[in-house]
Amino acid sequence: MASIPRHRYTAALANEIETRWQDRWEERRTFEAPNPSGPLADPARIAGREQLFILDMFPYPSGAGLHVGHPLGYIGTDVYGRYQRATGHNVLHALGYDAFGLPAEQHAIATGVHPRVNTEANIATMRRQLRRLGLAHDARRSISTTDESYYRWTQWIFLRIFDAWYDEDRRRARPIRELVDEWAAGTRPTGGAPWAELSHAERTRLVNSRRLAYLADAPVNWCPGLGTILANEEVTAEGRSDIGNYPVFTRTMRQWTLRITAYADRLLEDLDRLDWPESIKLMQRNWIGRSHGARVRFDSAAGPIEVFTTRPDTLFGATFMVLSPEHPLVDALTAPARRAEVEAYRARAGAATDAERASADRPKTGVPLGATATNPVTGAAIPVWIADYVLMGYGTGAIMAVPSGDQRDFDFARAHGLPIVATQMPPDAWFAAHGLAPTLDCAAWPAAFVGDGTYVQSRNDSLVLDGLASIDEAGARATAWLEARGLGRAATTYKLRDWLFSRQRYWGEPFPIVFGDDGEPLAVPDETLPVRLPELSDFTPQALAPDDERSEPAPPLSRVADWVGVELEVDDPITGERRPRARYRREVNVMPQWAGSCWYELRYLDPTNASRFVDADVERYWMGPRAPGHTGGVALYVGGVEHAVLHLLYARFWHKVLHDLGHVSSEEPFHRLFNQGYIQAHAYRDPRGQPVPAAEVVERDGAYEWRGEPVTREYGKMGKSLKNVVTPDEMYEEFGADTFRLYEMSMGPLDQSRAWNTRDVVGMQRFLQRVWRNVVDEDSGEVTVADAPAPDDLRRALHRTIAGVRDDMEGLRFNTAIAKLIELNNALTLHVGDRGDADASGAARGGAPREVVLPLVQMLAPLCPHVACELWERLGRTDDLTYAPFPVADPAWVASDTVEVPVQVNGKVRSRVVAPAGATDDALRDLALADERVRAALQGAAPRKVIVVPGRLVNLVV
RNA sequence: GCCCGAGUGGCGAAACGGCAGACGCGACGGACUCAAAAUCCGUUGUCCGCGAGGGCAUGUGGGUUCGAUUCCCACCUCGGGCACCA
């Protein structure tokens, strides 16, 4: 041990430096970002600096603690933020905690510790672990969604949504009072009986039915295993809960629902204005699932049946109809002779879980109702069936079946012997691909034909599609024909459903809603917020068997009688006047996990504001639109891809409501989104399949062993159960935070997933040791830099590095920025000479030039700030490195006077020539032709063609 | 099934259509050490050759181009999303 030089940059020294600088940053409040006004204002520090709001998806405070994968994105934003501070920006960067919701509550139930106790302990642990990472966060702005001072405003925003309706004409939300006023004034039809003829109760129900937050009896995802309903987005394709993997059943219940579908078009169209990864935009587009087509009326004995179709052009091929088993007209249409069979089928369909109904490749079942409907273009009476492949929740819950043009209908027709009529002649290639001669006899077809084909057998007295060849044109003609006769109209349908917003749990925001005797919801007055979540000693949901579909939700809050009953003065939604004090019953459901994350970025801006959720000027400063047409929003939002259709859709929706109602200037919450990858790890199992500690596995000749026993390797997430967790604390201990940060950033592009390899971390530690050694003598601790100017080649390397690193930092390419800095330091080391053997010899060579060392340290600062600050100070700088202007490349030194140009013969590199920078094409060609090796390669032949890329390459084509 | 994305040394990865493999790990050789660790220096895609040098190489097969890891088409493999959405 004595042989290690006293002043070597070891983990111990790194730890000492890091904790010292972390304390100093905190004392000096280095990372506090000033607001333009309000309690966090500091106009002097804002002047001349452009604002920049960068954001991480905030974590939920897990009891499991952090592993090395968690901070990847946080380090990325920290590096970017520190770089932007050095380029003169006023950077807002903070981190809060998403602490309400099912994960925290499930954990609390498992451990028997109250979620608040748990949550607070976990937040404290995470704060400590993250502080040790040296993140440049403004600590004043950290919030937890469970703080009363926070969820008070979550409730307040909910009330704004409750008190709003969507005006389709103006394409925006408006206060519900304006709707009441327009109805009362008679300027807007109610869609039913005139306002004046309605009773107060009827008016209340009408108004409530139009709110953006409404109670509705609707099919919901009931999950007895969790004791709550779930949003569609929280249910997996297998029909199980995202959390806990319990069965989910479809049940009709009266639940809070948010009218996100009103925003479907804007959520879809505004994606085009966002700087987001295309893949995420695509996922949101698919989730919203807008389809254009037509609604068409088919008359039946029980009244008109309306269908939605994207292919009105194929109406002539509609040979039967299929209704969803839950369709309201099924009863009326069912012939007495068919009733028993229909009822049996409906019962079976109802009992099937979503999982069973979801698999697309199972046989198409269904039963006929014994009724017919009239095809509006052919006048034919076609049979009506029910089948579970038609879903009540999409379109109208009924379809016209065109077996020749839709594979599902084709399968169904084949299974049940229903007629198939072609309306298009498929192209010859289609038949050829199926090994078939062209024919209109669909009995010979192996599948439905979907695509452009010439229309046939598609005409009646007044509508002729025959001879057309385009789906769009034929569809437009058919739709126009239907519209002219009142039989249908162009229509748009979405996959997106309204957002089921209540949970029968304890650990969430209580609704700021009470009920009177009529059972209609009423908003509690704003000034009574927050509606506090009562402290319960028994917070567990009632134990329900996960498979018991018939169980009933029992929200824990319903057990708190003195909380549920409340005496209040509330405003009458119809008159707008305050009612006399009376007794009400509180809503006992709570909001879902996603509520708090729908607006948290706004609270970072103004965390202490007691009179508004965020000050308008402060919001405009940080998030306002940057130019006409700009959506505004966070400048850079970094997080995992798993929230593509959950948090990211919900937050956009809330933000748009707030924008419509004039509460925020930005139209979108997150202007630029970046998805960081995941850090994964190898895990190892012994021959019995038991995971063994990954850290103790050794590799021998390409195989893996643990305690002499062969083990198998797999790859996946880090987790306790796989015994492959590596924690940041271990990395701090073994290498220091700077090395850890550098390693994570050097592993590859930030948006790519990669495998953790503790073995590789040492590379970055060696790099920092070499940098350190170029500045500080390892034995004496003396700073050894020289004031003499750097030689030209070193200076050139410096300026090229500066230009490259700036580029990489802007583009979040930290891995290549680090590679460039290592190269520069290697060049510097070469210049200083091998100092491994002597102290005097290094000094004799004059040490590393200060003009290179200082910018190198500055460029390192965003990546490994502690050691950079330490070196900066040891180099005699007394100014704050965090705000020292980032080095600027001198173009004169980025270019060099000579360039080495590769010479190709027929596209293969045969030689290189050195030419002056800016040499003409002719000069380059002559140099190339004069080259010995080129002449050998040409073997006396004269090039037929010469391609010269100035400064880059010569290619001689023989 | 449909829709995205990705395939480059032993490993993580670089490369505005222009020198494939920067940078790091590992491995091998050396220095220092009684020794080991740590650190430092050198070599390291692959094949042929003593060498100078040359051949082959970016999942596979085609194409565009003077020139393709990069652009286009088809296929294979892996990863992700959606999944009876009419």
Side-chain angles (χ1 to χ4, degrees), chain A residues 1 3-5 8 10 237-238 277-283 285-287 289-291 293 307-311 314 322 324 357-362 364 387-391 393-402 405-409 411-412 493-496 641-642 644-645 699 702 742-743 746-749 752-757 759-767 769-770 773 778 813 815-823 826 829 834-837 900-912 933 936 943-949 951-958:
Chain A
M1 289 311 268
S3 62
I4 293 177
R8 172 165 294 175
T10 58
E238 290 76 39
E278 272 309 314
S279 58
I280 301 288
K281 289 188 183 183
L282 199 66
M283 283 163 70
R285 285 190 191 110
N286 289 341
W287 192 263
R290 181 165 75 182
S291 305
V307 304
F308 172 74
T309 178
T310 55
R311 295 292 301 278
T314 61
V322 186
S324 163
R357 282 185 69 161
S359 63
D361 42 359
R362 70 192 252 272
K364 296 267 179 303
D388 63 6
Y389 81 93
V390 175
L391 310 174
Y394 182 78
T396 62
I399 62 161
M400 64 178 211
V402 183
D406 181 284
Q407 189 57 43
R408 295 155 304 193
D409 298 344
D411 293 342
F412 192 82
T493 294
Y494 305 85
K495 283 198 232 174
L496 184 72
V641 72
E642 73 272 20
V645 289
E699 186 183 352
L742 217 42
Y743 172 64
S746 73
M747 289 170 82
Q752 197 171 303
S753 291
R754 62 301 288 283
W756 177 266
N757 239 324
R759 189 178 73 176
D760 294 353
V761 182
V762 71
M764 289 302 119
Q765 187 179 40
R766 287 182 195 146
F767 165 50
Q769 284 179 340
R770 290 197 298 270
R773 196 156 42 232
E778 285 192 337
R813 292 184 300 271
N815 55 327
T816 49
I818 291 168
K820 290 178 175 86
L821 291 167
I822 293 173
E823 281 186 89
N826 287 348
T829 307
D834 178 12
R835 303 173 44 156
D837 57 340
E900 197 187 60
V901 179
V903 182
Q904 297 180 338
V905 176
N906 288 334
K908 280 190 185 296
V909 177
R910 293 298 172 181
S911 185
R912 297 161 229 286
R933 289 151 56 136
R944 202 158 41 80
K945 191 170 177 185
V946 180
I947 289 119
V948 179
V949 185
R952 296 208 70 113
L953 164 130
V954 179
N955 189 12
L956 306 169
V957 185
V958 198

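Quick caveat, the model's predicted, so the values are computed rather than measured. All chains are named by letter (A, B, ...) in the order of the sequence lines, taking the proteins before the strands, and each is independently numbered beginning at 1.
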Donor-acceptor pair under 3.5 Å, K820(A) side chain vs C23(B) base: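 Per atom types, no contact qualifies.
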
Please report the C-alpha distance between R290(A) and R285(A) in whole Å, then the side-chain angles of each, then the deciding distance to 0.1 Å, and finally whether the side chain to side chain contact (heavy atoms under 4.5 Å, CB included) criterion is met. CA-CA 8 Å; R290(A) 181 165 75 182; R285(A) 285 190 191 110; over 6 Å; no

Please measure how far the [atom1] atom in [N] lies from the corresponding atom in [M], and state the result in whole Å.
N: U58(B); M: A13(B); atom1: C1'; result: 13 Å
N: U8(B); M: A15(B); atom1: C1'; result: 11 Å
N: G80(B); M: G42(B); atom1: P; result: 42 Å
N: C66(B); M: A86(B); atom1: P; result: 46 Å
N: U70(B); M: G59(B); atom1: C1'; result: 16 Å
N: G12(B); M: G26(B); atom1: C1'; result: 11 Å

For S753(A) and E823(A), find the nucleotide of RNA chain B closest to each by heavy atoms; which residue's nucleotide sits nearer the 5' end?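 Nearest nucleotide further toward 5': that of S753(A).
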
On RNA chain B, compare the nucleotides closest to V645(A) and E900(A); which residue's is nearer the 5' end?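 On the 5' side of the pair lies E900(A).
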
Please write out each protein N/O paired with an N/O of nucleotides 31-34 of chain B under 3.5 Å, distance rounded to 0.1 Å.
none

Phosphate oxygens OP1/OP2 of A13(B): is one of them under 4.0 Å from a side-chain N or O of R813(A)?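 Looking at the OP1 and OP2 atoms of A13(B), neither is under 4.0 Å from any side-chain N or O of R813(A).
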
Between S746(A) and A13(B), does any side-chain N or O lie under 4.0 Å from OP1 or OP2?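 For A13(B), neither OP1 nor OP2 has a side-chain N or O of S746(A) closer than 4.0 Å.
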
With sequence neighbours excluded, tell me which residues meet side-chain contact (heavy atoms from CB on, under 4.5 Å) with S279(A).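 S279(A) satisfies side-chain contact (heavy atoms from CB on, under 4.5 Å) with P277(A) only.
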
Residues in side-chain contact (heavy atoms from CB on, under 4.5 Å) contact with R910(A), at least two apart in sequence or another chain: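 Partners of R910(A) by the side-chain contact (heavy atoms from CB on, under 4.5 Å) criterion, ordered by chain and then number, come out as V905(A), K908(A), A937(A).
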
Which part of the nucleic acid, if any, lies within reach of [X] when heavy atoms closer than 4.0 Å are counted: base, sugar-phosphate only, or nothing?
X: N815(A); result: sugar-phosphate
X: R770(A); result: sugar-phosphate
X: V909(A); result: sugar-phosphate
X: R285(A); result: nothing
X: Q407(A); result: nothing
X: N826(A); result: sugar-phosphate
X: T493(A); result: nothing

Qualifying residues under salt bridge (charged side-chain N to carboxylate O under 4.0 Å, His left out), relative to [X], sequence neighbours excluded:
X: E900(A); answer: none
X: R813(A); answer: D808(A)
X: D409(A); answer: none

Enumerate, in order of first residue number, the stems that involve RNA chain B, defined as 3 or more consecutive Watson-Crick or G-U wobble pairs with both distances under 3.5 Å.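 Listed by first number, the stems are B:1-7 with B:76-82, B:10-12 with B:23-25, B:26-31 with B:39-44, B:45-48 with B:53-56, B:59-63 with B:71-75.
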
Report yes if some heavy atom in the side chain of [X] is under 4.5 Å from a heavy atom in the side chain of [Y]; otherwise report no.
X: M400(A); Y: T314(A); result: yes
X: V909(A); Y: V903(A); result: no
X: Y743(A); Y: W756(A); result: yes

Without decimals, in angstroms, what is the distance between Q769(A) CD and A38(B) P?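 Result: 11 Å.
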
Please walk me through it: do R770(A) and N826(A) pass side chain to side chain contact (heavy atoms under 4.5 Å, CB included)? CA-CA 8 Å; R770(A) 290 197 298 270; N826(A) 287 348; 3.7 Å; yes

Taking N or O atoms only and anything under 3.5 Å, show me the protein contacts with nucleotides 66-70 of chain B, one pair per line.
unit_1 : atom_1 : unit_2  : atom_2 : d
C66(B) : O2     : N955(A) : ND2    : 2.4

G67(B): syn or anti, per glycosidic angle within 90° of 0: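 Here the answer is anti: the torsion falls beyond 90° from 0.
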
For I822(A) and M764(A), run side chain to side chain contact (heavy atoms under 4.5 Å, CB included): C-alpha distance rounded to whole Å, both residues' side-chain angles, the deciding distance at 0.1 Å, then the answer. CA-CA 9 Å; I822(A) 293 173; M764(A) 289 302 119; 3.9 Å; yes

Salt-bridge present (E278(A), K281(A); N to O < 4.0 Å):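 K281(A) and E278(A): salt-bridged.
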
Qualifying residues under ring pair (Phe, Tyr, Trp, His ring centres under 6.0 Å), relative to F412(A), sequence neighbours excluded: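 Ring pair (Phe, Tyr, Trp, His ring centres under 6.0 Å) list for F412(A), sorted by chain: F320(A), W385(A), Y389(A), H416(A).
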
Could you pull out the protein-nucleic contacts involving nucleotides 4-9 of chain B (nitrogen or oxygen on both sides, under 3.5 Å)?
none

Between protein and nucleic acid, restricted to nucleotides 26-30 of chain B and to nitrogen or oxygen atoms under 3.5 Å apart, what atom pairs and distances do you find?
unit_1 : atom_1 : unit_2  : atom_2 : d
G26(B) : OP2    : R766(A) : NH1    : 3.4

What does the list of N/O pairs under 3.5 Å between the protein and nucleotides 42-53 of chain B look like, with a distance for each?
unit_1 : atom_1 : unit_2  : atom_2 : d
G53(B) : OP1    : R933(A) : NH1    : 3.4

Please check if the side chain of R754(A) supplies one atom and the backbone of P749(A) the other of a donor-acceptor pair under 3.5 Å.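 Yes; at least one donor-acceptor contact below 3.5 Å.
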
Could you go through the side chain to side chain contact (heavy atoms under 4.5 Å, CB included) check for F767(A) and S746(A) one step at a time? CA-CA 12 Å; F767(A) 165 50; S746(A) 73; over 6 Å; no

Check every atom of A13(B), A38(B), G18(B) against the side chain of R8(A) and return the nucleotide holding the closest atom.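 So the side chain of R8(A) is nearest to A38(B).
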
Where T10(A) and I4(A) come nearest, the two heavy atoms and their spacing: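 Between these two residues, the closest heavy atoms are CG2-CG2, 4.3 Å.
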
